[in-house]
**Student:** 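Supplied in structure tokens, the structure appears directly below.
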Amino acid sequence: MNRKIAYYGLLVALAFIFSYVESLFPINFGIPGIKLGLANLVVIVALYIFGIKEAIAVSLIRIVLSGLTFSSIAAMAYSLAGGILSLAVMIIAKRLNKLSAMGVSVLGGVFHNVGQILVAIVVLETGSLIYYLPVLIISGLIAGIIIGILAAEVIKRLPKTEERSPNT
Amino acid sequence: MKTKKNDFILIGVILLVALLIYGGYRLANMGAGGTILITVNGQEYSRLSLASEGSYLIREGEVLRRLSETKVPDDITDKKYNILTIKNGVASMVEAGCPDLLCVHQKDISLKGEQIVCLPNKVVVSVIDGGENPVDTVTN
């Protein structure tokens, strides 16, 4: 149990720090408001090394913490929608076992942005925001590829689940 | 963990979907756009012609104000404002009270279907097709 708590703490802290670093030096693609989403790296690694429960916990706690610390409650709502949709899609994609971590990460990146734009459509009551969808899909794709490459390298270097499972 | 063939198929499919949405959007918004529609909080706020040059103050709960110069009027002390300018048939957001200023950095709009969004102030500025006489906008 203690070991499990320690792992959760470690992962959340890492994701939180990534959010912080990114709020200091936004890595943007020349499009306003678009970020790489480094924290997603921790979520994907958690999903592969530990499991679904851990990935959900890390993602949600990270979003709430960084929302309260670095941005506003409104921004947190967008972040939550993106995070939840992205994670749900990644969990399903991993279960289907047709893609590598890279493909899973790409789906996560794309659906993170799709989730946010869906909330914006509801909040602003303007369906015409679809206008932004292609740009957001492409930027999510690029972010997903970069995070996916990094995640695959990290997963390769970390010990397998059996030796390191927080459930033991 | 090697990248699989499926990963590349996925990337291709995503690119195609983005392209199709973009193409569909452009196709659905063909033709000249001559009017700017401003909505605040999902409600229509004001309409402006792209020919009516000037600076305008957008502020929730207040009618659209035409400004004599492009700066924030002295009587505004809070952050709930956006300033839009129209010049040479192009509209752009030049100032806003929102913290991130993402709307100010968005590109200028002139084509039908293009838009500028300010999420914190819930302001959407979009180009729609010509006002009263749609036939004229086609022949123009």
Side-chain angles (χ1 to χ4, degrees), chain A residues 26 28 30-34 48 71-72 74-75 77-78 93 96-107 109-111 113-114 116-117 119-142 144-145 148-149 151-158, chain B residues 1-26 28-29 33 37-45 79 93 96 98-107 109 111-128:
Chain A
N28 64 52
I31 304 158
I34 284 170
Y48 272 85
S71 56
S72 60
Y78 288 102
L96 293 176
N97 212 16
K98 291 267 196 297
L99 298 165
S100 75
M102 156 94 146
V104 171
S105 164
V106 163
L107 278 173
V110 169
F111 279 93
N113 289 349
V114 169
Q116 300 204 5
I117 201 78
V119 174
I121 287 174
V122 172
V123 170
L124 297 176
E125 299 169 44
T126 323
S128 62
L129 285 179
I130 297 276
Y131 170 58
Y132 288 103
L133 207 48
V135 176
L136 290 173
I137 288 175
I138 303 283
S139 62
L141 176 73
I142 296 168
I145 291 173
I149 293 169
E153 289 303 312
V154 173
I155 293 163
K156 204 161 69 185
R157 282 168 174 75
L158 282 178
Chain B
M1 184 71 55
K2 284 205 66 174
T3 308
K4 293 182 188 169
K5 196 176 133 210
N6 284 345
D7 294 336
F8 293 105
I9 296 173
L10 176 75
I11 292 170
V13 169
I14 291 171
L15 281 173
L16 194 68
V17 168
L19 206 68
L20 282 177
I21 296 174
Y22 179 77
Y25 191 85
R26 279 266 76 100
N29 285 292
L37 172 69
I38 304 167
T39 66
V40 177
N41 233 334
Q43 308 287 319
E44 179 169 338
Y45 178 79
K79 296 181 179 312
M93 198 71 93
C98 53
D100 52 15
L101 292 178
L102 293 181
C103 53
V104 176
H105 296 128
Q106 280 170 37
K107 72 180 178 86
I109 55 171
L111 296 174
K112 190 179 158 190
E114 288 186 323
Q115 52 181 284
I116 300 174
V117 179
C118 174
L119 282 178
N121 291 345
K122 298 185 183 171
V123 172
V124 180
V125 179
S126 45
V127 182
I128 56 170

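Letters go in sequence order (proteins before strands), and every chain restarts at 1. Basis for what follows: all heavy atoms, side chains included, without hydrogens, waters or symmetry-related copies. Keep in mind that this is a model prediction, so the values were computed, not measured.
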**Student:** Measure the CD1-CD distance between A:Ile130 and B:Gln115 for me, rounded to the nearest 0.5 Å.
**Tutor:** 10.0 Å
**Student:** Using heavy-atom distances under 4.5 Å, tell me whether A:Leu133 contacts chain B through its side chain, its backbone, both, or neither.
**Tutor:** side chain
**Student:** Would you mind checking which part of B:Leu10 comes under 4.5 Å of any heavy atom in chain A, side chain (CB onward), backbone (N, CA, C, O), both or neither?
**Tutor:** side chain
**Student:** Give me the atom names and distance for the closest heavy-atom approach of A:Tyr132 to B:Ile116.
**Tutor:** OH-CA, 3.8 Å
**Student:** With rounding to the nearest 0.5 angstrom, report the CG to CD1 distance, A:Leu99 to B:Ile9.
**Tutor:** 9.5 Å
**Student:** Within the distance-only criterion (no hydrogens, no angle test), does the side chain of B:Asp7 pair as donor or acceptor with the backbone N or O of A:Met102 below 3.5 angstrom?
**Tutor:** no
**Student:** Compare every heavy atom of B:Ala18 with every heavy atom of A:Pro134, then report the nearest pair and how far apart it is.
**Tutor:** CB-O, 3.6 Å
**Student:** Taking every non-hydrogen pair under 4.5 Å, which of B:Val117, B:Asn29, B:Asn41 racks up the most with chain A?
**Tutor:** B:Val117
**Student:** Ignoring hydrogens, what is the shortest heavy-atom contact between B:Asn6 and A:Lys98? Give both atom names and the distance.
**Tutor:** ND2-O, 2.7 Å
**Student:** Once you round to the nearest 0.5 Å, how far does CG of A:Leu141 lie from CD1 of B:Ile11?
**Tutor:** 6.0 Å
**Student:** Check whether B:Tyr25 gets within reach of chain A through its side chain, its backbone, both or neither, counting any heavy atom under 4.5 Å.
**Tutor:** side chain
**Student:** Please state whether the side chain, the backbone, both or neither of A:Leu129 comes within less than 4.5 Å of a heavy atom of chain B.
**Tutor:** both
